Amino acid sequence: MHKELPNIFIFTDKYNNEIFKKKNTNIGIIYRNYNAENRENQLIKIAKECKKSRYQLYISNDIKLAYKYKADGIYIPSYNKAKSFVNLEKKNLKIIGSAHSQEEIRKKIEQKCLGIFLSPLFHIKKSKKFLGIHKFNYLSNSNKVNFFALGGISKNNINKLMLVDIKGFGGIGIFKKKPAS
């Protein structure tokens, strides 16, 4: 198992061979599909490719699946306030989570998260609220934990990540290959 958290995380809800074509081994895959009928079939493919590509695998909100597919860790979404994740680090599962506010950051620290995705950093379509660079830096500098930027990251603003205090970043859309026009 890798000791360090990756700097780049790709969130996915299904297998996509495009995300495994990157030759960087400092990548983590977060599988977060909760309702699909073929969920485990997708996860089998993803776990196999992660091992082959030497990517770290994190499974969202499901400890049993994380053990079953030998994931590197578990991802706890911001809405999950349970404390049932606190002993996972003793079982070699890294814990990462997401937060949108100081209150949620405190909760993730209580849940023993090694890294927290603070979001949304930039404007996203589904919400009018976003942190922006100054508020993001205020929250990340006020807490002693590894922060990752998430939300609204695109090819147009990726250079602005140098202005925020982060260990790395995660994304969904930025890693999806756009169809040819």
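Values reported hereafter were calculated over all heavy atoms of this structure, with side chains retained and with hydrogens, waters and symmetry mates removed. Worth saying up front: this structure is predicted, and the values here are computed from it rather than measured.
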Original post:
Between Tyr15 and Asn38, do the side chains contain an N or O donor and an N or O acceptor separated by less than 3.5 Å?
Top reply: no
Original post:
Should the ring pair Phe20 and Tyr55 be called parallel, tilted or perpendicular, given that the plane angle runs from 0 to 90° and is split at 30 and 60?
Top reply: parallel
**OP:** Supply the atom-to-atom distance Ile74 CD1 to Lys94 NZ, rounded to the nearest 0.5 angstrom.
**Re:** 14.0 Å
**OP:** Working to the nearest 0.5 Å, report the span between CD1 of Ile8 and CD of Gln56.
**Re:** 12.0 Å
Subject >> Between Asp13 and Gln42, a side-chain donor and acceptor under 3.5 Å >> reply: no
Original post:
What pair of heavy atoms forms the shortest contact from Leu121 to Ala149, and how long is it?
Top reply: CD2-CB, 3.8 Å
Original post:
Do Lys107 and Glu104 sit within salt-bridge range, that is, some charged N less than 4.0 Å from a carboxylate O?
Top reply: no
Subject >> From NZ (Lys70) to CG (Asn92), nearest 0.5 Å >> reply: 13.0 Å
Original post:
Can you tell me if Ser98 uses its side chain to pair, donor with acceptor, with the backbone of Phe117 under 3.5 Å?
Top reply: no
Subject >> Heavy-atom neighbours of Lys160 NZ exceed 12 at 6.0 Å >> reply: no
**OP:** Return yes if some donor-acceptor pair links the side-chain N/O of Glu49 with the main-chain N/O of Asn16 below 3.5 Å, else return no.
**Re:** no
Subject >> Ring center gap for Tyr75 and Phe11 short of 6.0 angstrom >> reply: yes
Original post:
Sub-3.5 Å donor-acceptor pair from the side chain of Asn41 to the main-chain atoms of Leu43, do we have one?
Top reply: no
Original post:
CD1/Ile29 to CD1/Ile46 distance, rounded to the nearest 0.5 angstrom?
Top reply: 7.5 Å
Subject >> Lys/Arg N to Asp/Glu carboxylate O, Arg106 vs Glu103, below 4.0 Å >> reply: no
Original post:
Going through the distances and angles, do Lys21 and Glu18 end up as a salt bridge (charged side-chain N to carboxylate O under 4.0 Å, His left out)?
Top reply: CA-CA 5 Å; Lys21 289 184 178 177; Glu18 290 297 319; 3.1 Å; yes
Subject >> Heavy-atom check, side chain of Pro6 versus side chain of Tyr58, under 4.5 Å >> reply: yes
Subject >> Heavy-atom pair of closest approach, residues Ala99 and Lys108 >> reply: CB-CG, 4.4 Å
Per-pair distances, 0.1 Å, donor-acceptor, side chain in residues 128-139, under 3.5 Å, sequence neighbours excluded:
{"unit_1": "Asn137", "atom_1": "OD1", "unit_2": "Asp165", "atom_2": "N", "d": "2.7"}
{"unit_1": "Asn137", "atom_1": "ND2", "unit_2": "Leu163", "atom_2": "O", "d": "2.9"}

**OP:** Could you grab the distance from atom CD of Glu110 to atom NZ of Lys81, nearest 0.5 Å is fine?
**Re:** 11.0 Å
Original post:
When Ile116 is tested against each of Ile76, Asn146, Ile109 for side-chain contact (heavy atoms from CB on, under 4.5 Å), which residue passes?
Top reply: Ile109
Original post:
Closest approach of Thr25 and Ser53, non-hydrogen atoms and distance?
Top reply: CG2-O, 3.9 Å
Original post:
Is there a donor-acceptor contact under 3.5 Å from the side chain of Asn26 to the main chain of Asn7?
Top reply: yes
Original post:
Which heavy atom in Arg39 sits nearest to a heavy atom in Ser60, and how many Å separate them?
Top reply: NH2-O, 4.0 Å
Original post:
Is there a donor-acceptor pair under 3.5 Å between the side chain of Asn61 and the backbone N or O of Pro77?
Top reply: no
Original post:
With Ile153, which of Ile172, Ile124, Leu161 fulfils side-chain contact (heavy atoms from CB on, under 4.5 Å)?
Top reply: Leu161
Original post:
Can you check whether Ala82's main-chain N or O pairs, donor with acceptor, with Gln111's side chain at less than 3.5 Å?
Top reply: yes
Subject >> Stepwise side-chain contact (heavy atoms from CB on, under 4.5 Å) check, Phe147 with Val164 >> reply: CA-CA 10 Å; Phe147 280 99; Val164 290; over 6 Å; no
Original post:
Any idea which heavy atoms bring Leu65 and Ile59 closest together, and the distance?
Top reply: O-CD1, 3.6 Å
**OP:** List the atom of Leu150, the atom of Gly171, and the distance in Å for their closest heavy-atom pair.
**Re:** CD1-N, 3.9 Å
Original post:
Is it the case that Tyr69 and Glu40 place a side-chain donor and acceptor less than 3.5 Å from each other?
Top reply: yes
Original post:
Mind checking whether Phe169 and Ile158 have side chains closer than 4.5 Å, heavy atoms only?
Top reply: yes
Original post:
Atom CG in Leu5, atom CD1 in Ile96: separation rounded to 0.5 Å?
Top reply: 7.0 Å
Original post:
Can you list every pair that meets ring-ring contact (aromatic ring centres under 6.0 Å, His included) and has a residue in residues 22-43, with sequence neighbours left out?
Top reply: none
